[in-house]
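Let me begin by presenting the structure, written as structure tokens, before commenting on it.
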Amino acid sequence: MFKSITIAKEFEGAAAIGILQIDGLRVQESPGPLKVMLNGLADDYASKYRDQPLGDIPTVKKIRGIFHRGGLDPTRYRPSSESLLRRAVKGKGLYFINSVVDLINYFSLKTLWPIGLYDADRLKPPITWRVGQEGESYEGIGRDRLNLTHFPLLVDQEGPFGSPISDSMRSRVTGECTRILWVTFAPADVRIPHEEFADMMIRFSGGVVKVATQL
């Protein structure tokens, strides 16, 4: 089980970290109600934030502050949640991937918190959250190979696999996945609603909660 993550000193106190492990789920095409939820939220946020500088949104500021801890410019490499918001505000629409990924994107957009989603069977704990080092890289999902220097990184025994910017192809969730690790990067002063997260995931993809904790 994924009960904890070691946090490097650079990120101590920088964020609330949520760990949610769900086993026995079924990855499938997103059902209509989930697509309606995601499209509706994107439309709502497009109207709400269209005329507002996104960098002035309090939650966006707090998340960007996490990146500054590692020496990374968050306007050059944006948090995944901010990238979703920018796509919604520009009216580009959101991609539909599958029932698990799409729900993660829904909550990431709703909260404006970056959320990492990983196939738990592809990971080898223990896991550490630390700053990316010179020479580290991986192939990001939907991206070219990323230079991970100064990135906020999740690392297991095989090396970096995730970041609140873009996760790796190594740990991505595909149709064969049955166990997920869901890692939330939230402002330090909030309570992460794991019960709501889990209830919605089980509603659309089934499964059983094995771990739900906040660091």
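- The closest donor-acceptor contact from the side chain of R69 to the backbone of E10 lies under 3.5 Å.
- Rounded to the nearest 0.5 angstrom, L103 CG and M201 CE are separated by 4.5 Å.
- Contact annotation: the side chain of L85 approaches that of L109 to within less than 4.5 Å [non-hydrogen atoms, C-beta and beyond].
- In this structure, R64 CZ and T75 OG1 are separated by 6.5 Å, a value rounded to the nearest 0.5 Å.
- Within the 4.5 Å cutoff, side-chain heavy atoms of L84 are placed close to those of S108.
- The structure places CD1 of I165 at 7.5 Å from CZ of R143, a figure rounded to the nearest 0.5 Å.
- With respect to V27, the side-chain contact (heavy atoms from CB on, under 4.5 Å) criterion is satisfied by exactly one of N98, I97, T178: N98.
- Side chains of I57 and Q52 form a contact here, defined as non-hydrogen atoms less than 4.5 Å apart.
- Annotation: side chain of P152 is not in contact with side chain of R130 (no heavy-atom distance under 4.5 Å).
- A distance-only check finds a donor-acceptor pair linking the side chain of R122 to the backbone of R170 [under 3.5 Å].
- Between K124 and D156 there is no salt bridge, since no side-chain nitrogen of the basic residue lies less than 4.0 Å from a carboxylate oxygen of the acidic one.
- Residues N39 and F96 meet the side-chain proximity criterion, which asks for heavy atoms closer than 4.5 Å.
- A distance of 9.0 Å separates CD1 in I5 from CH2 in W129, rounded to the nearest 0.5 Å.
- Scanning all heavy atoms of the two residues, the minimum distance from A16 to P187 falls at CB-O, 3.5 Å.
- When side chains are defined from C-beta on, V100 counts as touching S205, because their heavy atoms get closer than 4.5 Å.
- Side-chain contact between L117 and V101 is present, with at least one heavy-atom pair separated by less than 4.5 Å.
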Using side chain to side chain donor-acceptor pair (under 3.5 Å), reason through S168 and S171 one step at a time and then give a plain yes or no. CA-CA 6 Å; S168 72; S171 57; 3.2 Å; yes
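- F67 and Y77 have their aromatic ring centers separated by at least 6.0 angstrom.
- When all heavy atoms of S166 and I141 are compared, the pair lying nearest together is OG-N, 3.7 Å.
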Please assess R87 against Y95 for the test side chain to side chain donor-acceptor pair (under 3.5 Å), listing each intermediate value before the final yes or no. CA-CA 10 Å; R87 187 172 182 85; Y95 297 112; 3.2 Å; yes
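- For the residue pair L123 and L181, the shortest heavy atom distance occurs at CD1-CD2, 3.7 Å.
- Considering F197, F2, W113 as possible partners of W182, the one that fulfils the ring pair (Phe, Tyr, Trp, His ring centres under 6.0 Å) test is F197.
- Side chain of T184 to main chain of I17: no donor-acceptor pair is present (N/O by atom type, distance under 3.5 Å, no hydrogens or angles).
- Side-chain contact between E196 and F107: present, with at least one pair of heavy atoms (C-beta onward) separated by less than 4.5 Å.
- Formation of a donor-acceptor pair under 3.5 Å by the Q214 side chain with backbone atoms of V190 is found in this model.
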